[in-house]
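One-based numbering along the sequence shown. Values below: every heavy atom of this structure, side chains too, minus hydrogens, waters and symmetry copies.
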Amino acid sequence: MKRKIKYDILYSDEGDKMKLDMIIDSIKKIIAFIKQYFKTNILFMAFVISSVINACILRFVTVKNYFDIRPVIADLAIVLIVGAFGYFIKPKHQFRYYLTWSIIFTLICLINSIYYTNFLSYASFSLLETLTQVFSGITGAVTENIMELKDFCYIWQIIVIIFVHRKLKKREYYEYVATIEIGKVRALNTMVAGLIFIGMFISTLTSTDISRLDKQWNREYIVMRFGIYTYQANDLVATLKAQINPLFGYDEHAKAFREFYETKDNTHKTNEYTDVLKGMNVIAIHAESMQQFVLDTEFNGEPVAPNLKRLASEGLYFSNFYAQESVGTSSDSEFTFNTSLMPASSGTVFVSYFDREYVTIPKLLKEQGYYTFSMHGNNGSFWNRLSAHQSLGYDKFYNYKNDFEIDETIGLGLTDKSFFRQAVPYIKEISEQNKNFYGVLIMLTNHTPFSDITGHTDYEVNYKYQMLDEETGEMKEMVAPYMEGTKLGNYFKSYHYADEALGQLLDDLDAEGLLENTAIVIYGDHDAKLKTSEYKRFYNYVPETNSLLPSDDPAYVNVDYYTYELNRKVPFIIWTKNKNLQGEITKVMGMYDVLPTLGNMMGFSSNYALGHDIFSVDENVVVFPDGNWLTDKMYYNQSNDTGKLLNPDDTVSVEYIEKYTEIADQTISISDSIIVYDLIRKTKEAQELLGQE
């Protein structure tokens, strides 16, 4: 028995030793394989690591999500799959492939960084159609606004790839790798690794994630959740899909469209403002980049916008009015103002979908016998306005060079003062030839980058104060630079110039007797798109030391995300000379509410309006193109599922948030269906066909 036990023990010891040796041997082989892999895949690894790091940097400087591993996994998967194809190329030629993709990935990060800085969103392939709109004639804006030092940080990837390649070439690395590399095997293994990461990533997705990826309109959320490379790949698919969408999916979208409007309450509700402007002429002023907060801003006792402030006090002033523009900026606001629809989720309506049928303010007023026109001091081709304005229903579009003498320019074209001065005789002639008219005058001077205003105004944005002179014992005036030399300071100066132009226009119209039966409608087309840092100086400046308050000071104003977003509201004013419409309307309101609100006042309506008559709703909601929404109670950010109560003492339920989130999603979806599938035209054609039968 003892011998048997001893034999078993010896056998057990030897067996464990053999197993241990096998494990150690396996570990050594794995380590050797890893060493060999890294030694023979240096260029590939440099490409993968640098690409993923750049993607992380982009998210860090834009959406600030530092600790979420999910977009890192998604970006890594994309990079691995792209990099895998490099193995089908001989080692000595792989550098060209990885350099090319490094340049592509660097450009993706660089362009999106620039675009986010200036437009608080990410770039889209759909913008390729509008590149001429972005760059034509705005070289100053491009050079002054767009490039920042941080935007060059992504270029390091290209430098690293070139540096690594040169080092490897000197060591005859590619010749050595060619003797051991089996390209197809490595390509397959790398693709499998990429697919494994994709599988890991997909396992973390929710139905909400997939839905938002498909819709694509909430770009910030997609980058935060899926990474920049997945976003850009998906955006390419969405852009191509938009071009062929009219050929596919019509029935599904048409059904949703019909069901939406069948259940929508289109009952016209009368109120104290019903028909108050019926039969009056209307001159609408499209006020370029004018934000609402400037109406209450002054320097050294001199208001920035005295004329606009006066009009707000004498007319109907909607003090919580928001633009709802997307990548089409001014053209989006024109579209939404005129149609009560949302901007297109892919591309811009004025460029990509201008030939659709829309129900618009000009068309509805033409049914009442109005002559309708638009005027602008820029090229008619800018934002494709020559075609788009015709589609919106304007009888004539007066534009730069064709109808105005180019006697004074600032920035993109004719100055507002010259534009308005030359517009009045046209309006006088129109009024003499037509019983009623509706016209839109599109301002231009207050367009970014604002620096061109220098020399055209003497308005000062410094800070003057009194200080005791210790030598004389008398008070003397001191001047601190404050906003001088800053972009926000130039914006205030440009705004002041535009406000002077507005005052001049009203004086000239009045002198010609054109204000007697005319309502003036003024709306800001969008915010100035300035950076948070500009506002930090504006709110926290200390003139005595020419510095800013420290962030821990009790008086420090923190301009956070919600402060910035809520401050983007723009003026909306309806003014008449006899001042029969007065008062401040504080209810939250969006650009798509203009058509139904004006319609109630003038006696027209659109069955397809997505907005509301602001005087006929108890609680309104403003839906933004990215899916965020705003009510009188809260601002909600769909990108990160967080919100801010406007009154800290208020409370909202989960059901409240779900209700308005669903409304926001449906509003964007229905609007997109109308635009892409031309559903208004097709509905009219179907109705006419049924009528004939």
Side-chain angles (χ1 to χ4, degrees), residues 55-78 108-109 111-113 115-127 198 201-239 241-242 322 324-327 332 342-347 560-562 564-566 568 621-630 634-644 654 657-669 671-672:
C56 292
I57 293 173
L58 176 69
R59 288 196 310 280
F60 294 169
V61 301
T62 54
V63 291
K64 317 290 185 188
N65 67 330
Y66 304 108
F67 306 111
D68 194 346
I69 193 64
R70 294 172 297 182
V72 179
I73 295 173
D75 283 329
L76 176 59
I78 293 291
I108 286 174
C109 293
I111 291 170
N112 279 285
S113 177
Y115 196 83
Y116 192 91
T117 298
N118 289 274
F119 300 105
L120 299 177
S121 184
Y122 292 97
S124 169
F125 283 102
S126 61
L127 290 171
I198 287 177
F201 176 74
I202 290 176
S203 68
T204 69
L205 297 179
T206 65
S207 58
T208 300
D209 296 331
I210 296 169
S211 174
R212 292 183 180 179
L213 182 67
D214 178 61
K215 292 174 181 176
Q216 185 69 7
W217 41 259
N218 197 326
R219 295 180 173 91
E220 188 176 71
Y221 179 89
I222 295 173
V223 173
M224 290 175 65
R225 187 69 176 83
F226 294 85
I228 187 60
Y229 303 132
T230 304
Y231 159 76
Q232 210 70 77
N234 188 66
D235 176 69
L236 177 60
V237 173
T239 300
K241 186 179 174 183
Y322 288 83
Q324 295 165 285
E325 90 287 355
S326 184
V327 296
D332 282 344
M342 297 290 290
S345 291
S346 179
D560 61 11
Y561 170 81
Y562 289 106
Y564 184 89
E565 290 298 311
L566 292 169
R568 295 177 69 184
V621 58
V622 178
V623 176
F624 297 101
D626 59 2
N628 294 352
W629 52 264
L630 172 70
M634 75 178 303
Y635 183 100
Y636 190 74
N637 183 335
Q638 277 213 60
S639 298
N640 52 24
D641 293 325
T642 61
K644 178 181 176 65
V654 173
I657 294 174
E658 290 176 345
K659 169 189 172 182
Y660 283 112
T661 298
E662 182 179 351
I663 289 174
D665 290 354
Q666 188 178 45
T667 299
I668 295 171
S669 179
S671 184
D672 263 351

Plane angle bin for Y561 and Y635 - parallel if under 30°, tilted between 30 and 60°, otherwise perpendicular: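 Rings of Y635 and Y561: perpendicular, as their planes differ by over 60°.
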Ring geometry between F226 and F201 (parallel below 30°, tilted from 30 to 60°, perpendicular above 60°): perpendicular
Between D209 and T206: side-chain donor-acceptor atoms closer than 3.5 Å: yes
Flag for E565-N628: side-chain donor and acceptor within less than 3.5 Å: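 There is no such pair (donor and acceptor under 3.5 Å, judged by atom type) between the side chains of N628 and E565.
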Of all the heavy-atom pairs spanning [X] and [Y], show the shortest one and how long it is.
X	Y	value
W629	A664	CD1-CB, 4.0 Å
A123	N112	N-OD1, 2.9 Å
I198	A77	CG1-CB, 3.5 Å
A55	I228	CB-CG2, 3.7 Å
C56	V72	SG-CG2, 3.9 Å
I657	M634	CG1-SD, 4.0 Å

Steps toward side chain to side chain contact (heavy atoms under 4.5 Å, CB included) verdict (Y231, I108): CA-CA 10 Å; Y231 159 76; I108 286 174; over 6 Å; no
Just how far is it from atom [atom1] of [X] to atom [atom2] of [Y], taken to the nearest 0.5 Å?
X	Y	atom1	atom2	value
N234	R212	CG	CZ	14.0 Å
T230	L213	OG1	CG	8.0 Å
R219	S345	CZ	OG	7.5 Å
S203	R70	OG	CZ	10.5 Å
M342	E325	CE	CD	10.0 Å
K644	L630	NZ	CG	12.0 Å

Of T208, D626, D665, the residue whose pairing with Q638 passes side chain to side chain donor-acceptor pair (under 3.5 Å): D665
Are the side chain of [X] and the backbone of [Y] linked by a donor-acceptor contact shorter than 3.5 Å?
X	Y	value
N218	Y221	yes
D235	F125	yes
T62	L58	yes
S113	C109	no

Side chain to side chain contact (heavy atoms under 4.5 Å, CB included) between R225 and L205, worked out: CA-CA 9 Å; R225 187 69 176 83; L205 297 179; 3.8 Å; yes
Criterion side chain to side chain contact (heavy atoms under 4.5 Å, CB included) on Y636 and T642, from CA distance to verdict: CA-CA 6 Å; Y636 190 74; T642 61; 5.9 Å; no
F624 side chain reached by N637 side chain, heavy atoms, under 4.5 Å: no
Side chains of M224 and D68 in contact at under 4.5 Å (non-hydrogen atoms): no
Sub-6.0 Å ring centroid separation between Y122 and Y115: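 No; Y115 has its ring centre 6.0 Å or more from that of Y122.
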Electrostatic pair D75:R59 at N-O distance under 4.0 angstrom: yes
